[in-house]
Amino acid sequence: MVDFTLTDEQKALREMAHDFAEKEIRPVAWQYDRDGTWPQEIIEKAWEVGLMNTHVPEEYGGPEASYLDGCIIEEELSWGCSGIQTSLGANGLASAPVGLAGSDETKRKYLGMLTEAPKLASFCLTEPGAGSDVSGMRTRAVRKGDVYVLNGQKCFITNGGHADWFTVYAKTDPEAGHRGISAFVVDKDDTVIVDKKEDKMGQRASNTATITFNDTEVPAENLLGQENEGFKIAMATLDRTRPGVAAMAVGIARAAFEFAVGYSKERVQFGVPIAMHQAIQFMIADMATEIEAARLLTWQSAVMLDQGRRNTLASSHAKRFAADTAMKVTTDAVQVYGGYGFIKDYPVEKLMRDAKIMQLYEGTSQIQRLVIARETLLPRRIEEPVPA
Ligand SMILES: Cc1cc2nc3c(=O)[nH]c(=O)nc-3n(C[C@H](O)[C@H](O)[C@H](O)COP(=O)(O)OP(=O)(O)OC[C@H]3O[C@@H](n4cnc5c(N)ncnc54)[C@H](O)[C@@H]3O)c2cc1C
């Protein structure tokens, strides 16, 4: 059966998330963007009302929300401000590998830290020389007795400057390419240096930092899964988090769309509201269609996970299409505003800057196309179970 109707609980969840976005996020979003303000207060409030760590299982103190529920929340909060939602949501990216491959003890300790207090964790995959091609990473983890010793540098790490622990990918077999990567949970200590806070085009309320590991000792029990399984764990993580990024893109696009619709009815040129001009109507119509389509792909990719099915192809479809839609819709929203769209006193230029990152992080739009091409040319059985 195909049914796109949300349950009463899901509608209530959406309303709650929307209310939070409207009351707590929207009123400060443009100011935080201008000043690059870290949204500590909002993080604490969102944590308090249960809008963070959504997928953490109940046994570790989380709400154990479904992936579809997560997408519903992420769309609403990103409608408020996707930069702030990036700060709220990054725990999900850091904790997914722990949920996938951590021991019960590791889950209890590190997922528990996030659910017992409004703490943050970061996901450290990218390096200066290894972005799309993670197999080129140079961070090393060397086993010495009961510990692994980590050395190397990660860049563009969301929430890096505020995290209490990190999921870190490092080479344990440098000659083995992507098959030589392992994943670890690393506590923040004196050997973990936060080097740089990036000054960004968009999502300026989020924190993006460079993290350097200097002879950082990590207990051997903090290895996630087995040695050299890190790449598999990272890819399985992205399958789970890309629907959420797609939902964020839908939220940004929807915000821009709503502003454009409102403005087109108010702005008068040639004696009529510009909404009366067919060129504007067609832009609005295309925005509406693309947002609907992006949301459907997003929900499909999330529901597949909830059904325990592999969603690699579906999540790349969703992330690619929703990200490109957010970029197009926000650019067109600026067009609907005309010259005013280019001015910071008006809301849509922020959304256009925020949308750009959707095509970049958690796999660029080109990398999503590579995944889609691979999965299309060498299809896997859709019923294949979700990778662990
Ligand atoms: C604000 C922000 C937050 C981020 N947060 C995190 C985080 O929390 N944790 C983390 O680990 N990383 C994070 N990242 C890193 C992000 O995931 C990478 O920037 C992204 O994966 C791209 O890597 P790169 O920047 O090195 O670009 P590159 O890989 O150098 O790509 C440059 C260009 O080449 C294209 N390209 C590369 N290879 C191919 C190919 N084979 N075929 C076709 N085109 C190709 C890319 O699509 C892109 O257009 C973040 C980045 C930003 C900007």
Side-chain angles (χ1 to χ4, degrees), residues 33 36 38-39 78 81-98 120-139 150 152-171 177-178 181 183-186 192 194-213 230-231 233-235 237-238 240-242 244-246 248-249 252 315-316 319-320 323-324 326-327 350 353-374 377:
D33 168 69
W38 172 244
S78 298
C81 174
S82 66
I84 294 173
Q85 166 51 24
T86 288
S87 312
L88 299 175
N91 277 3
L93 185 59
S95 60
V98 177
L120 299 174
S122 290
F123 177 87
C124 303
L125 183 64
T126 306
E127 298 188 2
S132 302
D133 178 12
V134 299
S135 69
M137 73 172 56
R138 309 210 15 206
T139 297
L150 263 64
Q153 189 173 67
K154 299 287 175 179
C155 65
F156 299 156
I157 303 307
T158 298
N159 289 355
H162 300 270
D164 283 291
W165 58 266
F166 307 85
T167 304
V168 182
Y169 295 84
K171 283 270 174 80
H178 71 274
I181 296 170
F184 302 88
V185 183
V186 180
V192 179
V194 181
D195 287 307
K196 187 182 173 202
K197 176 183 176 266
E198 302 292 350
D199 187 7
K200 304 192 296 293
M201 169 197 281
Q203 295 210 333
R204 293 175 51 77
S206 71
N207 172 269
T208 314
T210 297
I211 312 287
T212 305
F213 301 97
F231 183 79
I233 294 168
M235 294 306 113
T237 294
L238 295 174
R240 282 160 179 75
T241 55
R242 281 176 182 156
V245 179
M248 289 174 66
I252 300 171
S315 72
S316 283
K319 205 267 179 183
R320 200 291 286 166
D324 291 355
M327 198 65 246
K350 168 189 184 289
R353 287 186 285 106
D354 286 349
K356 187 61 209 172
I357 190 63
M358 296 291 133
Q359 296 177 308
L360 298 171
Y361 63 18
E362 296 206 25
T364 64
S365 289
Q366 287 74 29
I367 294 304
Q368 303 310 325
R369 285 181 174 89
L370 283 185
V371 174
I372 293 165
R374 189 194 61 215
L377 295 166

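In listed order, ligands and their atoms are each counted from 1. What you see is a predicted model, and the numbers here were worked out from it, not measured in a lab.
The heavy atom nearest to atom 43 (C) of ligand 1, considering only Lys356, Gln366, Glu127, is found in Gln366. Across the listed options Phe123, Phe166, Phe156, Tyr169, Phe156 owns the non-hydrogen atom lying nearest to atom 51 (C) of ligand 1. Taking each of Ala234, Ser365, Ser132 in turn, the one with a heavy atom nearest to atom 36 (N) of ligand 1 proves to be Ser132.
Backbone and side-chain nitrogen or oxygen atoms of Leu125 are examined, and one is located within less than 3.5 angstrom of a nitrogen or oxygen of ligand 1. Looking at ligand 1, you won't find any N or O of Thr208 less than 3.5 Å from one of its N or O atoms.
Each of the following atoms of ligand 1 lies closer than 4.0 Å to a heavy atom of Thr364: 22 (C), 46 (C), 47 (O). Which parts of ligand 1 touch Leu370 is read off a 4.0 Å heavy-atom cut-off, strictly below it: atoms 40 (C), 41 (N), 42 (N). For ligand 1 and Lys200, the ligand atoms under 4.0 Å from any heavy atom of the residue are 1 (C). Shown in contact with Glu362 at under 4.0 Å from a heavy atom are these atoms of ligand 1, numbered in order with element: 17 (O).
Looking from atom 3 (C) of ligand 1 to the surrounding protein, the closest heavy atom is Thr158 OG1, 3.4 Å. For atom 18 (C) of ligand 1, the nearest non-hydrogen atom of the protein is Thr126 OG1, 4.1 Å. Residue, atom and distance of the protein heavy atom nearest to atom 52 (C) of ligand 1 are Ile357 CD1, 3.6 Å. With respect to atom 39 (C) of ligand 1, the closest heavy atom belonging to the protein is Ile367 CD1, 4.1 Å. In terms of protein heavy-atom proximity, atom 21 (O) of ligand 1 is closest to Leu360 O, 4.0 Å. Scanning all protein heavy atoms for the shortest distance to atom 24 (P) of ligand 1 gives Gly131 CA, 3.9 Å.
The nearest protein heavy atom to atom 41 (N) of ligand 1 is closer than 4.0 Å. Distance check for atom 33 (C) of ligand 1: every protein heavy atom is found at 4.0 Å or beyond.
For the atom pair Phe156 CZ and Ser122 OG, the distance stands at 14.5 Å (nearest 0.5 Å). Here the straight-line distance linking atom CD1 of Ile367 with atom OG of Ser132 works out to 4.0 Å at 0.5 Å rounding. One finds the CZ atom of Arg369 at 5.0 Å from the CG atom of Asp324 (value rounded to the nearest 0.5 Å). Rounded to the nearest 0.5 angstrom, Met327 CE and Met358 CE are separated by 11.0 Å. The distance from the SG atom of Cys155 to the NZ atom of Lys196 is 8.5 Å, given to the nearest 0.5 Å. For the atom pair OG1 (Thr158) and CG (Asn91), the distance works out to 11.0 Å, reported to the nearest 0.5 Å.
Environment of CZ in Arg138: sparse, with no more than 12 heavy atoms of neighbouring residues, nucleotides or ligands closer than 6.0 Å.
Two residues are said to be in side-chain contact when any heavy atoms from C-beta on lie closer than 4.5 Å; Ser95 and Trp165 meet this criterion. The closest side-chain heavy-atom distance from Thr86 to Tyr361 is below 4.5 Å.
Put simply, no part of Gln203 is less than 4.0 Å from ligand 1, judged by heavy atoms.
Ring-plane geometry between Phe213 and Phe166 is classed as perpendicular, the angle between the planes exceeding 60 degrees on a 0 to 90 degree scale with a lower cut at 30.
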Exercise for review: Please lay out, stage by stage, how Arg204 and Asp199 fare under the test salt bridge (charged side-chain N to carboxylate O under 4.0 Å, His left out).
Suggested key: CA-CA 8 Å; Arg204 293 175 51 77; Asp199 187 7; 2.8 Å; yes

